[in-house]
Amino acid sequence: MEATLHLRVNGQSHRLTVDPATPLLYVLRNQLQLNGPKYGCGLQQCGACMVLLDGKAQPSCLIAVETVQKQEITTLEGIAQGTQLHPVQQAFIDEQAAQCGYCLNGMILSAVSLLKENPKPDEAAIREGLERVLCRCGTQSRILRAVKRASH
Amino acid sequence: MQTSRRDFLKTMGTLTIGFTLPSWVPEADELPGSLQRDPRIRAWLEILENGQIRVFTGKMELGQGIRTAVAQVAAEELSLPLSQVEVVMADTDRTPDESYTAGSASIENSAMAVRYAAAAARQKLLELAAKQWRKPVEELQFAAGTIRWKNKQISWKELLNGKQLQDEVRGNVALKPKGQYQLVGKPMPRPEINRMVRAETWFIQDLRLPGMVHARMVRPPSYGARLEKLDESAVRKQIPGIQKVVVQGSLVGVIATEEFQAMQAQWTLQESVRWTDVQPLPTGTALVSYLKSLPARIERVHEKGQPTGPTTIKAQYYKPYLMHGSIGPSCAIAWYQKGTLRVWSHSQGVFPLRETLHRLLKLPLDRIHVIGMAGSGCYGHNGADDVAAEAAWLAMAYPEHPIRLQWSRDEEHAWEPYGSAMILEAEARLSTAGRIEQWNYTLWSDTYTARPGGDPANLLLARYLDPPIPKKPASSINGGTIRNSEPYYNIPDIAVDAHQFEGPLRVSSLRALGAFGNVFAIESFMDELAEKARKDPFEFRIMHLEDERAIAVLRRLQELIQNERIKPKEGVGIAFARYKNTAAYCAVAARVRVTGNQIKVMNLWSVIDAGEVINPDGLKNQTEGGLIQAASWTLKEQVQFDAQQITSRDWVSYPIFLMSEIPEVEVVVIDRPQEPVLGAGEAVQGPTAAALANALYRASGKRVRDLPLIPAKLKN
């Protein structure tokens with residue numbers, strides 16, 4: 001059942017032996033030991049497992065790893081430039097936009113993806129860009145402020 | 001003990017103002033907060049070789065920011081920068097036993113214990129230096145890591161000479177005067193947010209141990225279904241990497257090398273296992289009538305004056321079953337290695353969990369080590385303890401391997417213990433002057449406290465073991481159920497009656513416990529009474545309040561919203577409560593817009609007084625989040641089921657607020673540095689529900705007394 005696959009993750013190439021049907025999330029978390037993408041629902045309903053596929057935010061919990069071998073995969077670990085945080089990461093710190101923090105991966109990557117397409121989104125566009133990501137602590141008002149701050 | 005602590009806290013307020021007052025000599029049972037559990041300084045802090053300190057707290061970081069607040073009070077008393085304080089949390093081998101991180105009590109209990117332990121440490125260090133130099137303590141200067149006298153200087157490390165302070169916190173604890181505070185009362189960023197945005201290891205889900213294997217549980221279709229047939233060979237044939245299928249009674253778990261293999265094994269077994277067909281859940285009758293018809297323990301839980309006269313206005317309110325709905329389903333890692341069991345858990349109580357595992361597994365206490373690690377926000381008793389016990393059970397059956405057990409979304413939704421449904425009946429009589437003369441209140445609810453607390457019968461797995469561990473029936477009305485059932489208003493004649501039933505769904509503690517339903521009912525009813533009395537909702541509440549701080553949060557809220565222009569189809573509603581009637585004061589206003597088939601929350605405002613505030617930004621964050629979470633509960637949520645099973649099994653069948661539904665929120669903190677700290681993390685939920693219902697009434701003309709407030713209920 002296992003096969004050898006090639007993945008590009010955070011600018012690095014990986015050669016992996018896995019069951020090709022494994023959802024990308026589990027390969028990132030277990031084989032590559034990345035913490036960014038989180039398991040939340042496995043149903044593409046909550047956004048906790050978000051990654052960037054060729055720069056676009058996509059849930060990774062249902063997508064089979066064999067189907068993304070040609071794409072550039074970026075996780076939360078891969079958006080900073082060396083020690084220089086991405087402006088969205090910095091804005092989340094500046095606004096203290098977290099309680100438990102479990103949703104931050106999905107929120108930050110959705111914002112990064114949004115700002116790449118639309119560097120000056122209005123509030124409605126920000127809300128739409130983050131609509132797929134659930135937060136249960138009720139930190140959304142701070143998260144909205146953080147994304148606004150990052151877009152300035 | 002509760003009362004003496006409260007009285008003590010009141011005293012503490014005056015003591016710290018004065019500082020020159022005669023020294024206070026506490027009785028052992030009057031030590032603040034958790035110092036009563038362990039008065040040793042070194043239980044709460046260690047002075048490290050490099051002059052930094054390590055603080056120990058038995059509480060868990062749940063996203064509420066307690067780690068930072070504890071660090072702030074310690075750093076303050078020892079004149080250290082915040083960065084010089086390391087915090088170790090909830091670990092049965094290292095920290096004091098502070099039971100559960102619950103009830104908005106961590107600042108009152110843990111942070112206050114650390115504050116006094118740090119102040120006592122400072123005093124002891126000064127005494128040691130005074131002894132060494134033969135100088136009076138008053139001539140010495142205390143600074144970060146050192147003590148000075150004129151040009152002389154000695155480090156804490158030299159003073160301690162490789163030892164830790166052996167003293168207990170006793171008498172003469174001089175706290176730093178509040179006027180000299182550098183850190184406490186100032187907004188402090190939480191350092192763990194820096195780690196979260198970088199995806200550094202923080203959550204239990206991120207913990208990877210060498211040789212770790214992955215497990216999943218196989219659940220029955222219904223509460224109480226028994227295992228009839230399980231064929232292990234099919235799953236072994238179809239899925240590689242299966243290490244063990246563990247079965248005991250009707251409890252089934254599967255362990256595999258890779259996580260995706262464990263998931264596939266779970267799905268395959270789920271399809272092939274046969275269970276008894278049971279239909280344990282009530283359908284057919286309306287849930288309210290069904291719950292009221294259940295046998296119940298009935299008690300008068302509060303009485304004042306002579307509440308026996310006739311009443312003139314009456315209303316019944318309903319709060320449905322709600323779920324915690326953690327975004328990250330529960331997870332645990334357990335490793336039974338050479339006769340010792342280690343469990344990594346996001347439980348709110350690592351010590352009670354250890355006690356529970358000790359009784360469940362018959363392992364000696366000193367052979368169990370429970371280590372707390374952050375999970376996804378839990379908001380009370382979710383699946384954390386259950387998954388930890390199941391992982392431990394698997395680890396005992398498959399020793400020498402670290403086993404990671406991850407619940408699925410479906411398991412967390414369908415098997416967590418919910419917050420009970422409540423039926424709340426209020427009736428009252430108004431005087432001709434529009435004052436409430438009599439108040440009669442009756443509530444029907446299941447218990448709000450079913451944490452394991454050392455008793456394995458409260459674990460989910462207890463029902464499926466062979467033989468099952470029977471649950472003891474409640475011996476009294478649960479304090480959480482009747483929380484805030486007594487109105488905080490000055491009313492001459494009051495009666496509160498509680499009916500505690502054992503309902504159809506699994507229940508336990510959900511944030512604010514019974515206070516959410518009780519305050520929703522009381523504060524909705526207050527609005528109905530105000531209208532009957534032809535009074536403004538603010539004035540009607542204030543005329544029934546005597547506590548100046550209660551009045552102050554309402555007045556401040558009134559100022560905050562007085563210039564708001566209310567558009568057509570909009571309404572503003574308010575509500576007030578003091579959490580537990582002894583903790584933080586909180587007033588909430590809501591603006592709701594009703595258009596077509598939509599109820600939209602536009603704004604939520606809150607004014608909160610939690611006494612002395614340690615981290616104002618932490619308190620704001622908790623209160624903002626509480627407003628939004630409670631608005632989601634109020635407008636969208638109810639756990640649903642059919643005869644066989646829970647049908648709210650994912651985010652589509654149990655929807656919560658999406659980003660597009662988030663209102664503008666504004667929180668004002670009234671800081672009272674000279675007052676005792678008051679628990680605040682659950683103060684805002686009840687008032688939010690009532691403020692929304694009151695606003696909806698003003699926007700639509702329709703009084704909705706059944707939660708959730710959905711558009712269908714606006715039609716007659």
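Convention: sequence-line order gives letters A, B, ...; per-chain numbering from 1. In this text, all values refer to a predicted model and were calculated from it rather than measured experimentally.
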**Q** Output the distance between atom CD (Glu77(A)) and atom CZ (Arg198(B)), rounded to the nearest 0.5 Å.
**A**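 One finds 12.5 Å between CD of Glu77(A) and CZ of Arg198(B).
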**Q** Provide the closest heavy-atom pair for Asn194(B) versus Ile93(A) in the form atom of the first, atom of the second, distance.
**A**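 Looks like OD1-CG2, 3.5 Å.
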**Q** Using a cut-off of under 4.5 Å for heavy-atom pairs, which of Asp650(B), Leu62(B), Asp410(B), Leu627(B) has the most such pairs with chain A?
**A**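 Of the candidates given, the most pairs with chain A belong to Asp650(B).
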**Q** Phe260(B) and side-chain contact (heavy atoms from CB on, under 4.5 Å): which partner among Val18(A), Val27(A), Asp19(A)?
**A**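 Per the side-chain contact (heavy atoms from CB on, under 4.5 Å) rule, the option paired with Phe260(B) is Asp19(A), out of Val18(A), Val27(A), Asp19(A).
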**Q** Which answer fits Ala80(A), side chain, backbone, both or neither, if we ask what part of it has an atom under 4.5 Å from a heavy atom of chain B?
**A**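 Neither part.
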**Q** For chain B, which of Gln96(A), Gln89(A), Glu128(A) has the most heavy-atom pairs under 4.5 Å?
**A**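 Max contact count across the listed options: Gln96(A).
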**Q** Check whether Gln406(B) gets within reach of chain A through its side chain, its backbone, both or neither, counting any heavy atom under 4.5 Å.
**A**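 Side chain of Gln406(B) only, per the 4.5 Å heavy-atom cut-off to chain A.
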**Q** Please give me the minimum heavy-atom distance between Gly375(B) and Cys100(A), naming the atom from each residue.
**A**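 Minimum heavy-atom separation between Gly375(B) and Cys100(A): O-CB, 4.3 Å.
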**Q** More than 12 heavy atoms of other residues, nucleotides or ligands under 6.0 Å from NZ of Lys186(B): is that the case?
**A**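 More than 12 within 6.0 Å, yes.
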**Q** Which pair of non-hydrogen atoms, one from Leu134(A) and one from Phe657(B), has the smallest distance, and what is that distance?
**A**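 The pair with the smallest heavy-atom distance is CD2-O, 4.1 Å.
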**Q** In terms of heavy-atom pairs under 4.5 Å, which option from Gly42(A), Cys46(A), Gly36(A), Gly101(A) contacts chain B the most?
**A**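 The candidate making the most pairs under 4.5 Å is Gly101(A).
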**Q** So which part of Leu85(A) gets closer than 4.5 Å to some heavy atom of chain B, the side chain, the backbone, both or neither?
**A**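 For Leu85(A), the contact with chain B is made by the side chain alone.
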**Q** Specify the closest pair of heavy atoms between Gly138(A) and Ile628(B), including all atoms of both residues, with the distance to one decimal.
**A**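 Heavy-atom minimum between the residues: O-CD1, 3.2 Å.
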**Q** When you compare the side chains of Asn30(A) and Glu259(B), does any donor N or O come within less than 3.5 Å of an acceptor on the partner?
**A**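 Note: Asn30(A) and Glu259(B) side chains meet the donor-acceptor criterion.
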**Q** Given heavy-atom pairs under 4.5 angstrom as the criterion, report whether the side chain, backbone, both or neither of Gln90(A) touches chain B.
**A**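 No part of it gets close to chain B.
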**Q** For the atom pair OG (Ser632(B)) and CD (Gln140(A)), what is the distance rounded to the nearest 0.5 Å?
**A**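 Answer rounded to 0.5 Å: 8.5 Å.
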**Q** Counting C-beta onward and ignoring hydrogens, is there a side-chain heavy-atom pair between Leu144(A) and Met659(B) closer than 4.5 Å?
**A**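 Leu144(A) reaches Met659(B) side chain to side chain.
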**Q** Above 12 or not: heavy atoms from other molecules or residues under 6.0 Å from NZ of Lys56(A)?
**A**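 Check fails, neighbour count at 12 or below.
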**Q** Can you say whether Met263(B) sits under 4.5 Å from chain A via the side chain, the backbone, both, or neither, judging by heavy atoms?
**A**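 Side chain of Met263(B) only, per the 4.5 Å heavy-atom cut-off to chain A.
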**Q** Sort Glu258(B) into side chain, backbone, both or neither according to what part of it lies under 4.5 angstrom from a heavy atom of chain A.
**A**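 Only the side chain of Glu258(B) comes within 4.5 Å of chain A.
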**Q** When only pairs under 4.5 Å are counted, which of Glu200(B), His324(B), Gln264(B), Glu412(B) shares the most heavy-atom pairs with chain A?
**A**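 Greatest number of close heavy-atom pairs with chain A: His324(B).
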**Q** Are the side chains of Arg132(A) and Leu658(B) in contact, using a 4.5 Å heavy-atom criterion?
**A**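 Of all side-chain heavy-atom pairs linking Arg132(A) with Leu658(B), none is under 4.5 Å.
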**Q** Pick whichever of Gly618(B), Ser408(B), Pro187(B), Ala374(B) has the most heavy-atom pairs under 4.5 Å with chain A.
**A**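 Heavy-atom pair counts peak at Ser408(B).
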**Q** Considering non-hydrogen atoms only, spot the tightest contact between Glu123(A) and Glu664(B) and give its length.
**A**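 Here Glu123(A) and Glu664(B) meet closest at OE2-OE2, 4.0 Å.
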**Q** Can you check whether Arg136(A)'s main-chain N or O pairs, donor with acceptor, with Gln629(B)'s side chain at less than 3.5 Å?
**A**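 At least one qualifying donor-acceptor pair exists.
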**Q** Determine the minimum heavy-atom distance between Ala48(A) and Ile327(B), stating which atoms define it.
**A**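 Heavy-atom minimum between the residues: CB-CG2, 4.5 Å.
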**Q** Does any heavy atom of chain A fall under 4.5 Å from the side chain of Gln622(B), the backbone, both, or neither of them?
**A**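 Both parts, heavy atoms under 4.5 Å.
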**Q** Apply side-chain contact (heavy atoms from CB on, under 4.5 Å) to residues Lys38(A) and Asp206(B) and explain how you reach the verdict.
**A** CA-CA 9 Å; Lys38(A) 301 264 185 288; Asp206(B) 302 334; 3.6 Å; yes
**Q** Rounded to the nearest 0.5 Å, what's the gap from CD on Gln99(A) to CD on Glu61(B)? Could you check?
**A**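 Rounded to the nearest 0.5 Å, the CD-CD separation comes out at 10.0 Å.
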**Q** Without hydrogens or angle criteria, can the side chains of Arg208(B) and Asn35(A) be said to hold a donor-acceptor pair below 3.5 Å?
**A**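 Checked: Arg208(B)/Asn35(A) side chains pair up, N/O donor to acceptor below 3.5 Å.
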**Q** Calculate, to the nearest 0.5 Å, the distance between atoms OG and CG belonging to Ser141(A) and Asn621(B) respectively.
**A**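 Answer for the OG-CG pair, Ser141(A) versus Asn621(B), is 8.0 Å.
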**Q** Quick one, Lys620(B) and Arg142(A) - any side-chain contact, counting heavy atoms below 4.5 Å?
**A**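 When only atoms from C-beta onward are counted, Arg142(A) and Lys620(B) do touch, with a gap below 4.5 Å.
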**Q** Which region of Leu104(A), side chain (C-beta onward) or backbone (N, CA, C, O), has a non-hydrogen atom less than 4.5 Å from a non-hydrogen atom of chain B, or is it both or neither?
**A**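 Only the side chain of Leu104(A) comes within 4.5 Å of chain B.
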**Q** Quick one: does any side-chain atom of Gln45(A) pair with a main-chain N or O of Trp651(B) as donor and acceptor, under 3.5 Å?
**A**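 A pair under 3.5 Å: yes.
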**Q** Against chain B, work out which of Leu34(A), Thr139(A), Ile126(A), Ile143(A) has the most heavy-atom pairs shorter than 4.5 Å and name it.
**A**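 Of the options given, most contacts go to Leu34(A).
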**Q** Is the CD atom of Gln44(A) crowded by more than 12 outside heavy atoms at less than 6.0 Å?
**A**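 Counting neighbours around CD of Gln44(A), more than 12 heavy atoms of other residues, nucleotides or ligands fall under 6.0 Å, so yes.
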**Q** Does any N or O in the side chain of Arg409(B) come within less than 3.5 Å of the main-chain N or O of Gly40(A), such that one atom is a donor and the other an acceptor?
**A**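 Yes, because the side chain of Arg409(B) sits within donor-acceptor range (under 3.5 Å) of the backbone of Gly40(A).
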**Q** Tell me, for Trp633(B) versus chain A, whether the close heavy atoms (under 4.5 Å) come from the side chain, the backbone, both or neither.
**A**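 Answer is side chain: those atoms of Trp633(B) sit under 4.5 Å from chain A.
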**Q** Can a donor-acceptor pair be found, under 3.5 Å and without considering hydrogens, that links the side chain of Gln205(B) to the backbone of Tyr39(A)?
**A**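 No, the answer is negative, given that no donor and acceptor are paired below the 3.5 Å cut-off.
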